[in-house]
Trainee: 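Before I ask anything, let me first share the structure, which is written out below as structure tokens.
Naming: A, B, ... by sequence-line order, numbering from 1 per chain. Just so it is clear, the model here is predicted, and its values are computed rather than measured.
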Amino acid sequence: MQWTEARVRQEVRTWLGENWDPNARLIEWRNKLMDSGWGMPAWPTHWFGKDMPDGLIPTVQEEFARVNAVGVARTGIRLWAAETLLAHGNDEQRERFLRKILTGEEIWCQLFSEPGSGSDLAGVTTRAERKGQEWIVNGQKVWTTSAHHADYGLLLARTNWDVPKHQGMTYFVVDMKQEGVEVRPLKQMNGHASFNQVFFTDARIPLNNRIDEEGNGWRVAMTTLMHERRAANALAGQSRSKTPEGTIYEEERCENTVLSEPYTWYPQRAGRVDLAIDRAAATKTLDNPVVRQELAQLLMMSQCSEWTALRARAAREKGQPQGPEGSLGKLANSYIARQALRVHTITTGLGSMLEGEDAPMEGLIAEILLSVPAISIAGGTDEIQKNIIAERVLGMEKEPRLDGGPFREVRKN
Amino acid sequence: MEFALTAEQTQLRDTVAQFLESRCPISHTREVMTSTPGYDKERWVNLGRDMGLGGIHAPTECGGAGLSYSETCIVLEQMGNALYCGPYFSSNVLAVNALLIGGTTESRQFLADLVSCNRTATIAFIEEDALWNLSGVQCSERDGRINGEKSYVFNGSSADLILVIARCQPEGIFGLFALDGGAKGLHKDSVKSLDLTRQLARLTLKNADALRLADWNEHKHRQFLDLACIALANEMVGGAQRMLDSALEYSSTRVQFGRTIGSLQAIKHKCAEMLLKIEFARSAALCAAQFVRDESERSKMASMAKAMASDAFMNAASECIQIHGGIGFTWENDTHLWYRRAKSSEVYLGDSNYHRENYLQSLGL
Ligand SMILES: Cc1cc2nc3c(=O)[nH]c(=O)nc-3n(C[C@H](O)[C@H](O)[C@H](O)COP(=O)(O)OP(=O)(O)OC[C@H]3O[C@@H](n4cnc5c(N)ncnc54)[C@H](O)[C@@H]3O)c2cc1C
């Protein structure tokens with residue numbers, strides 16, 4: 001039977017009506033989501049899904065939001081880790097990992113960036129060598145968000161140094177709780193420590209934790225990054241204005257304070273557009289013509305960005321070819337965050353010199369001012385986004401490269 | 001709200017685009033823009049009458065197509081893209097809007113003529129002391145005769161029918177009037193316009209005979225200006241897109257340092273940024289067109305669309321010249337024609353600063 005919006009709405013309503021219970025246990029509920037297919041409805045029926053077209057997912061989300069039903073765990077890299085394993089993992093790996101990523105029971109991190117290769121991800125030099133029934137890993141990763149909590153990591157490592165750089169990498173799932181893995185937190189400019197250095201010294205990976213073929217790591221990593229970018233493009237989820245009553249929300253809050261601790265400042269790095277008008281009113285700067293101009297610009301950009309995302313979604317729902325509007329979200333978010341930072345600075349004035357409890361909004365403004373610089377770096381810098389838009393969306397000629405030939409001979413840091 | 005074009009709208013867009021590309025290429029525009037009356041009447045009739053675009057959102061009983069404002073905006077986007085040079089904007093959009101807003105039988109009697117392109121019309125509403133509201137309007141009417149001056153009238157010298165907003169004496173209220181293009185007492189001075197594809201005139205009225213069509217007031221004027229802003233914003237988005245496409249085309253062929261300039265990041269990043277601004281403006285313009293009947297949201301949306309489109313088009317036109325290098329600064333190269341349109345559209349109906357302020361006020365701030 002074909003999915004239609006009406007049918008989706010009716011089925012999800014019925015199912016929520018029969019199953020949703022704000023006093024359920026969080027993990028139990030999420031297992032129910034996995035078993036029923038309502039957690040990841042776009043996934044195949046035999047892998048926790050309902051084979052639903054992407055265009056209808058917002059309908060499901062709307063219905064969940066209507067009754068404040070809790071969804072699958074989404075913090076951090078969960079969604080793109082899961083999508084990657086679904087796309088490239090074998091059945092045993094899917095069986096082993098997918099469920100607990102989405103119930104929130106296991107924590108994952110993304111071990112891509114290295115001191116010597118960030119934007120140029122294909123330059124990784126962390127080495128994995130096959131020894132008998134295992135892979136042995138040596139090297140260093142950096143900027144790894146949540147590595148200090150993680151149970152597993154998605155690892156991109158070099159397995160062949162004699163082929164061109166993109167062909168010599170392999171993708172693994174590595175157990176983070178082992179002797180050969182050392183995690184050292186890095187303090188960030190905003191005072192938080194959500195990312196880490198990760199050192200591998202003869203760390204071990206069982207043979208069946210290799211994802212896809214040996215040498216196919218780049219392709220798998222592209223899947224991960226595509227889903228990461230898509231998540232950045234998607235509309236920001238509605239945050240609940242005030243938490244409704246029920247034990248499940250308490251458990252969720254608990255999860256948030258512990259596991260989501262690395263992400264508490266993430267809303268601030270997006271600029272907190274939601275606070276802009278109230279701040280202008282509170283600081284009595286609404287009659288300052290410069291503030292008015294910058295504030296209006298911010299609100300318009302934010303509205304236009306939302307509409308641009310909705311246009312991309314509408315085109316998808318109508319089966320129209322994807323236009324450029326679908327690739328702009330990440331870049332747009334950077335511009336909006338910087339504009340928000342401007343507004344917060346000029347409304348707050350001298351208060352922008354303060355940090356901590358005595359600072360405006362108990363330091364929240366300072367946290368915005370100090371967190372926005374991350375948004376144009378994390379997950380691919382603005383410059384890389386612009387290269388991608390120019391080359392893939394606008395079809396401009398690729399830059400000539402100087403890093404061909406066997407990786408061993410390529411110039412490195 | 002609809003965020004994607006329907007199949008019919010896509011078809012309309014493509015049909016108009018094809019016509020403009022084949023029949024109104026820029027070489028043709030260059031020829032007609034320096035002629036009198038400054039446009040090709042036959043092409044305008046082709047568009048308005050033969051293709052049925054003369055009154056897209058005018059009701060069918062007035063000869064219009066009875067479609068929504070979105071369809072009008074779709075056509076305008078293509079006209080902006082092609083830098084169409086003709087009285088479509090002044091006659092088939094601005095004047096038609098004014099007559100529809102006027103709403104009386106008197107005002108509607110002219111609609112059929114405009115929609116079928118039997119006559120061209122324009123509207124004279126700007127004065128030195130009255131830009132985007134009525135309070136400073138000096139033009140006044142007494143016993144069916146108008147005295148005063150109007151500026152920045154699109155196609156004012158060639159229009160068969162001129163609509164004028166004037167203060168009615170002795171009551172002091174405002175009215176929408178119609179004057180014959182050849183009316184006695186009406187002096188039409190063509191002024192040299194920066195945008196070579198949009199003729200401008202200054203009108204001096206000395207006891208000029210006028211027919212009162214309808215009452216006018218700030219509320220109607222606001223509606224008229226909002227609709228004009230939305231229309232112009234859509235046209236500007238088309239122009240901006242053309243500038244990006246032109247920059248992309250040139251940068252894929254021009255070679256420096258043994259590579260196309262399009263492979264250089266400085267150029268790529270400019271283009272990516274142009275795209276972002278254009279897509280924002282397109283979203284604003286496309287959505288605003290759907291709010292024309294919504295009294296509470298219309299002004300806000302119109303201001304957002306005008307502000308975003310003004311900045312996006314001006315940015316795209318400037319960058320397009322930059323990306324062309326020296327050639328971009330020549331008369332021969334076509335880019336300056338769009339640059340001129342961008343500059344003049346940027347300030348017409350209020351610049352982006354003005355509309356950002358308006359936007360906040362419409363939000364109640
Ligand atoms: C808060 C945060 C969280 C992060 N979390 C993770 C994580 O969990 N896992 C993970 O693997 N990584 C993570 N990262 C790393 C992030 O992906 C990299 O920092 C990013 O890709 C940039 O790499 P880099 O730091 O090595 O900078 P570089 O690549 O050295 O870039 C330095 C500068 O050069 C520019 N540049 C580089 N190449 C080009 C080019 N081709 N064209 C134009 N300009 C260029 C960049 O734009 C930048 O301005 C995180 C980063 C931050 C800030």
Trainee: What option among B:C287, B:S352, B:S303, B:A284 has the most heavy-atom pairs under 4.5 Å with chain A?
Mentor: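 Top option by heavy-atom pairs under 4.5 Å: B:C287.
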Trainee: With a 4.5 angstrom heavy-atom cut-off, could you sort out which part of A:K398 is near chain B: side chain, backbone, both or neither?
Mentor: backbone
Trainee: Nearest 0.5 Å please: distance from the SG atom of A:C304 over to the CG atom of B:L286.
Mentor: 11.0 Å
Trainee: Just so I understand: if I count every heavy-atom pair under 4.5 Å between each of B:A7, B:G262, B:G258 and chain A, which residue has the most?
Mentor: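 Among the listed options, the one with the most contacts to chain A is B:G262.
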Trainee: If you count every heavy atom of other residues, nucleotides or ligands that lies below 6.0 Å from A:R342 atom CZ, does the total exceed 12?
Mentor: no
Trainee: Short question: side chain of B:Q265, backbone of A:N387 - any donor-acceptor pair under 3.5 Å?
Mentor: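 Between the backbone of A:N387 and the side chain of B:Q265 there is no qualifying donor-acceptor contact (under 3.5 Å).
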Trainee: Let me know if A:L286 has heavy atoms under 4.5 Å from chain B in its side chain, its backbone, both or neither.
Mentor: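 A:L286 touches chain B through side-chain heavy atoms alone.
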Trainee: Please report the interatomic distance CD(A:Q303) to NZ(B:K300), rounded to the nearest 0.5 Å.
Mentor: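 A:Q303 CD to B:K300 NZ: 7.0 Å, rounded to 0.5 Å.
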Trainee: Working to the nearest 0.5 angstrom, can you tell me the gap between B:I278 CD1 and A:T308 OG1?
Mentor: 12.0 Å
Trainee: Which is it for B:K268 and A:K386 under the side chain to side chain contact (heavy atoms under 4.5 Å, CB included) test, yes or no, and what are the steps along the way?
Mentor: CA-CA 7 Å; B:K268 281 189 175 146; A:K386 288 183 185 176; over 6 Å; no
Trainee: For A:Q385, is it the side chain, the backbone, both, or neither that has a heavy atom closer than 4.5 Å to a heavy atom of chain B?
Mentor: neither
Trainee: Distance check, rounded to the nearest 0.5 Å: B:Y359 atom OH versus A:Q297 atom CD?
Mentor: 10.5 Å
Trainee: At a 4.5 Å cut-off on heavy atoms, which part of A:Q320 comes close to chain B: side chain, backbone, both, or neither?
Mentor: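 A:Q320 touches chain B through side-chain heavy atoms alone.
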Trainee: Which one of A:P289, A:A312, A:A280, A:A314 has the most heavy-atom pairs closer than 4.5 Å to chain B?
Mentor: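 That would be A:A314.
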Trainee: Is it true that a side-chain atom of A:R311 and a backbone atom of B:E279 form a donor plus acceptor pair closer than 3.5 Å?
Mentor: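 Yes, A:R311 side chain to B:E279 backbone: donor-acceptor pair under 3.5 Å.
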Trainee: What part of B:E249 gets closer than 4.5 Å to chain A, counting heavy atoms only: side chain, backbone, both or neither?
Mentor: neither
Trainee: Should A:L310 and B:M1 count as side-chain neighbours, where that means a heavy-atom distance under 4.5 Å?
Mentor: no
Trainee: Where does B:T6 contact chain A at under 4.5 Å (heavy atoms): side chain, backbone, both or neither?
Mentor: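 For B:T6, the contact with chain A is made by backbone and side chain together.
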Trainee: Relative to chain A, which segment of B:M274 carries a heavy atom at a distance below 4.5 Å: side chain, backbone, both, or neither?
Mentor: neither
Trainee: Got a second to check how far B:N353's CG is from A:Q293's CD, nearest 0.5 Å?
Mentor: 4.0 Å
Trainee: Checking heavy atoms, do the side chain of A:A315, its backbone, both or neither come under 4.5 Å from chain B?
Mentor: backbone
Trainee: Pick one of side chain, backbone, both or neither for A:L299, based on which atoms fall under 4.5 Å of a heavy atom in chain B.
Mentor: both
Trainee: Quick one: does any side-chain atom of A:R292 pair with a main-chain N or O of B:L365 as donor and acceptor, under 3.5 Å?
Mentor: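 Judged by distance alone, yes, a pair lies under 3.5 Å.
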Trainee: For residues A:A332 and B:F280, report the shortest heavy-atom separation together with the two atoms involved.
Mentor: CB-CZ, 3.6 Å
Trainee: Of the listed residues (B:A281, B:S283, B:A272), which shares the most heavy-atom pairs with chain A below a 4.5 Å separation?
Mentor: B:S283
Trainee: With respect to chain B, which residue among A:I389, A:V393, A:L328 yields the maximal number of heavy-atom pairs within a distance under 4.5 Å?
Mentor: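 Of the options given, most contacts go to A:L328.
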Trainee: Looking at A:W143, I'd like to know if its CH2 atom is crowded, meaning that more than 12 non-hydrogen atoms belonging to other residues, nucleotides or ligands lie closer than 6.0 Å.
Mentor: no
Trainee: Taking all heavy atoms of A:E383 and all of B:H269, pick out the closest pair and write down the distance.
Mentor: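 Looking at all heavy atoms of both residues, the shortest contact is O-NE2, 3.4 Å.
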Trainee: Check this for me: B:E218, atom CD, are more than 12 non-hydrogen atoms of other residues, nucleotides or ligands nearer than 6.0 Å?
Mentor: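 Atom CD in B:E218 is packed in, count exceeds 12.
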Trainee: Residues two or more places apart in sequence or in another chain: which of them pass side chain to side chain contact (heavy atoms under 4.5 Å, CB included) with A:E397?
Mentor: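 For A:E397 the side chain to side chain contact (heavy atoms under 4.5 Å, CB included) partners, ignoring immediate neighbours, are B:T260, B:S263.
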Trainee: Can you confirm whether B:E21 is buried at CD, in the sense that more than 12 heavy atoms of other residues, nucleotides or ligands lie under 6.0 Å from that atom?
Mentor: no
Trainee: Heavy-atom pairs under 4.5 Å with chain A are the metric here; pick the option from B:L244, B:L363, B:L248 that has the most.
Mentor: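 It is B:L248.
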Trainee: Distance check, rounded to the nearest 0.5 Å: B:E273 atom CD versus A:L331 atom CG?
Mentor: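 These two atoms lie 7.5 Å from each other.
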